[in-house]
Amino acid sequence: MKTIKQGKSVILRIPEQFNIPENIEYTLMKESDGTLILTPQGENIFESSGNEHADLRPDENHLPNNIVGRELI
């Protein structure tokens, strides 16, 4: 892949073989070595209308020995 300058932006074309759909928003992070990491933006659970009363605490049935948090780490 090669970057292309267009106006004040630099574009990186992603080949079709990666099957990335159109109109998906990504967060871009740049590591100290120049590595770029693209992460699809997920739904913000704090702004969505369907989760007004969602319980975000860990499920106690999935914690070993009924640990409440990260006490043993």
Side-chain angles (χ1 to χ4, degrees):
M1 293 188 290
K2 187 175 181 179
T3 58
I4 302 167
K5 179 81 171 172
Q6 184 174 4
K8 293 184 179 182
S9 298
V10 175
I11 297 172
L12 181 63
R13 293 184 184 176
I14 300 173
E16 190 175 300
Q17 68 193 35
F18 287 97
N19 298 320
I20 305 222
E22 293 183 36
N23 298 318
I24 302 296
E25 292 188 28
Y26 285 84
T27 300
L28 178 64
M29 294 188 310
K30 184 177 180 183
E31 300 289 321
S32 59
D33 65 356
T35 300
L36 298 176
I37 301 173
L38 292 166
T39 307
Q41 287 185 351
E43 178 184 3
N44 185 335
I45 61 172
F46 298 105
E47 293 179 357
S48 64
S49 60
N51 293 323
E52 294 108 10
H53 304 290
D55 186 355
L56 302 177
R57 294 175 291 185
D59 184 357
E60 292 180 10
N61 295 328
H62 290 91
L63 295 174
N65 302 322
N66 294 326
I67 297 171
V68 176
R70 300 176 60 128
E71 294 91 347
L72 298 178
I73 294 179

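Because the structure is a prediction, the values reported are computed rather than measured. Just so you know, residue 1 is the first one in the sequence shown, and it goes up from there. Computed from heavy atoms alone, side chains included, the values below leave out hydrogens, waters and symmetry copies.
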Could you go through residues 29-40 and list every donor-acceptor pair under 3.5 Å that involves a side-chain atom there, pairing it with any protein atom two or more places apart or in another chain?
unit_1: Asp33; atom_1: OD1; unit_2: Thr35; atom_2: N; d: 3.0
unit_1: Asp33; atom_1: OD1; unit_2: Thr35; atom_2: OG1; d: 2.7
unit_1: Asp33; atom_1: OD2; unit_2: Thr35; atom_2: OG1; d: 3.2

Table please: side-chain donor-acceptor pairs of residues 1-22 below 3.5 Å, with sequence neighbours left out.
none

Name all residues meeting the side chain to side chain contact (heavy atoms under 4.5 Å, CB included) criterion together with Glu25; count only those two or more places apart in sequence or in a different chain, and write none if there are none.
-> Gln41

